[in-house]
Amino acid sequence: MTNQIKWRSPSNIAIVKYWGKYGTQLPMNSSISFTLKNSFTETSILWQERTKDSAHEFFYNGMKADQFRKKIISFINSIEEELISLKQLSLQIDSVNNFPHSTGIASSASSMSALALCLVKMQEQTTSEKYDWCEFQTRASIVARLGSGSACRSVFPYCAQWGFHPQIPNSHQEYAIALESLLHNSFKEVADWIFIVNPNEKKVSSRAGHSLMENHPYREARISQAQQNCKLVYDALQQGDWELFIRVCEEEALSLHGLMMSSQPGYLLLEEDSIAIVKSIQQFRKESKIPVCFTIDAGPNIHILFPKTALDKVNDWAISQFPNYIKEGRIIKDEMGAGPVQLI
Ligand code: PMV
C-alpha cells in the first residue's frame, strides 16, 4: 500500500455568515454556504514512521513556506488525540492553491478541508479504523473545522450548513451537514463570479474579526439575526424562492461588514470598487428582473451569485459596467461544484 494521499478540495462562499466563535472553534451562530468548483486547493501527504530526527515538513506552491508552516504544524500537533496515527508518523505536506490566498476568497476553507480529508484518509489507511462514506465526511468535517471553521462546510458538495439550529434537522456545532438533496431545481446550478477588487492580503484577518465578536456591542442581536437568516435561506433553497434568498444573502453580506465597522476598534475592508459593484448589481437586477445578487466575505472582493441560465446577460452587464475587470482578468468565474475529489 502506498504511503501517499492527495485530495482536491474547493473553497466555499457563505450565504449566511459564520462570524464569531468560542471554545474549540465552535460557531456563535449557524451558517449556510455554497461549495465552489473552480477555486480549490490540492494537498498531498507523504508519510513515514516518525524517528527522533524527522519532523513534519510543509510546502506551499512547491516552496518551503514558513508563513503557513507554523500554523499547519501546530494544527497537526493539536489533533493528535483526534487522529492517533499522527503520533507515530512524520508528514511531508504539499499544498497548491489555484487562486490568491487571504483576499476574502476562503483559501483557508479549501486548504484546511483538503488537509483534513488527507489526514482522515491517512488515519484509515494506517490504523484499523474504517469509516463508511458518511462517517468519513463527518470526521473530515470535524478535523477541517478545527483547522478553520468555514472549512468544515467545504467537505460537502453544492451546499452545506454548519452549527446547531433548532429548526434544521441533524445540524450540529462540531461539523457541517449536506443540504444538496434539499435544493430546489432552481438552486442546482448557481454561478459565483468573484470580482477581485484587491488581490493583496487583507489588513485584518478573519481570526482577529472573530475575536472582536466576543465583546461586540451587537453580539446577541447578531446571533439571533443569523439564526433567523439561516432558517430563511434553508426555506428559500428548498422552495426555489430567489427573492427571499437575495434579500437575506445581501443583508448577511452588509451585516458582516457592518459588524466589522462597529467592532471595537472598528475597521473597514470594503473599497470604492466594492461599493460601485454592489450598487451596479442592484441596479442591474432592478432593470433586468434577473435574480442576481452579491455577497461578500471578509475582504473587499465581491461575489455575484445568479442562476447559470443568466450567464450571457450577466456577462453583458460585466462587459458594459466593468470592462477593466474583464480586460485585466480580475473576475474568477466560479460556480457551485460537486465537492472534494481524492486524486491519489
Ligand atoms: O473560517 P474562518 O475562520 O476563515 O472564517 C470565515 C468567515 C467568513 O468567511 C467571513 C464567513 C463564513 O462563514 O465563511
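As the structure lists them, so they are numbered: ligands from 1, and atoms in each ligand from 1. Note: hydrogens, waters and symmetry copies are ignored here, and every other heavy atom, side chains too, is used.
The shortest N or O to N or O distance between Ser150 and ligand 1 is below 3.5 Å. Considering backbone and side-chain atoms together, Lys21 places no N or O closer than 3.5 Å to any N or O of ligand 1. Here's the thing with Asn12: none of its N/O atoms is less than 3.5 angstrom from an N/O atom of ligand 1. Taking only nitrogen or oxygen atoms, main chain and side chain alike, Lys17 does not reach within less than 3.5 Å of ligand 1. For ligand 1, none of its N or O atoms has an N or O atom of Ser31 under 3.5 Å away.
Checking side-chain atoms of His210 against main-chain N and O of Gly20 turns up a donor-acceptor pair under 3.5 Å.
If you look at Ser108 next to ligand 1, the close heavy atoms, those under 4.0 Å, all belong to the side chain. Using a 4.0 Å cut-off between heavy atoms, Arg153 contacts ligand 1 through its side chain alone, with no backbone atom that close.
With no hydrogens or angles considered, no side-chain donor-acceptor pair links Tyr60 and Asp94 at under 3.5 Å.
Near Gly149, meaning under 4.0 Å from one of its heavy atoms, ligand 1 places the atoms 1 (O). For ligand 1 and Ala14, the ligand atoms under 4.0 Å from any heavy atom of the residue are 12 (C), 13 (O), 14 (O). In summary, the atoms of ligand 1 found under 4.0 Å from a heavy atom of Asp297, numbered by their order in the structure, are 8 (C), 9 (O), 10 (C), 11 (C).
Cation-pi geometry between Lys121 and Phe136 is met: under 6.0 angstrom from the ring centre, within 45 degrees of the axis. Remark: Arg69 is not positioned above the aromatic ring of Phe58, lacking an NZ or CZ atom under 6.0 angstrom from the ring centre and at most 45 degrees off the axis.
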Side-chain donor-acceptor pairs under 3.5 Å in residues 274-281, sequence neighbours left out?
unit_1: Ser274; atom_1: OG; unit_2: Glu271; atom_2: N; d: 2.9
unit_1: Ser274; atom_1: OG; unit_2: Glu271; atom_2: O; d: 3.2
unit_1: Ser274; atom_1: OG; unit_2: Pro300; atom_2: O; d: 2.8
unit_1: Ser280; atom_1: OG; unit_2: Trp317; atom_2: NE1; d: 3.0

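Note on ring orientation: taking the six-membered ring where Trp is involved, the planes of Phe245 and Phe34 are parallel (angle under 30°, cut-offs 30° and 60°).
Scanning for side chain to side chain contact (heavy atoms under 4.5 Å, CB included) contacts around Ser320 gives an empty result, with sequence neighbours left out.
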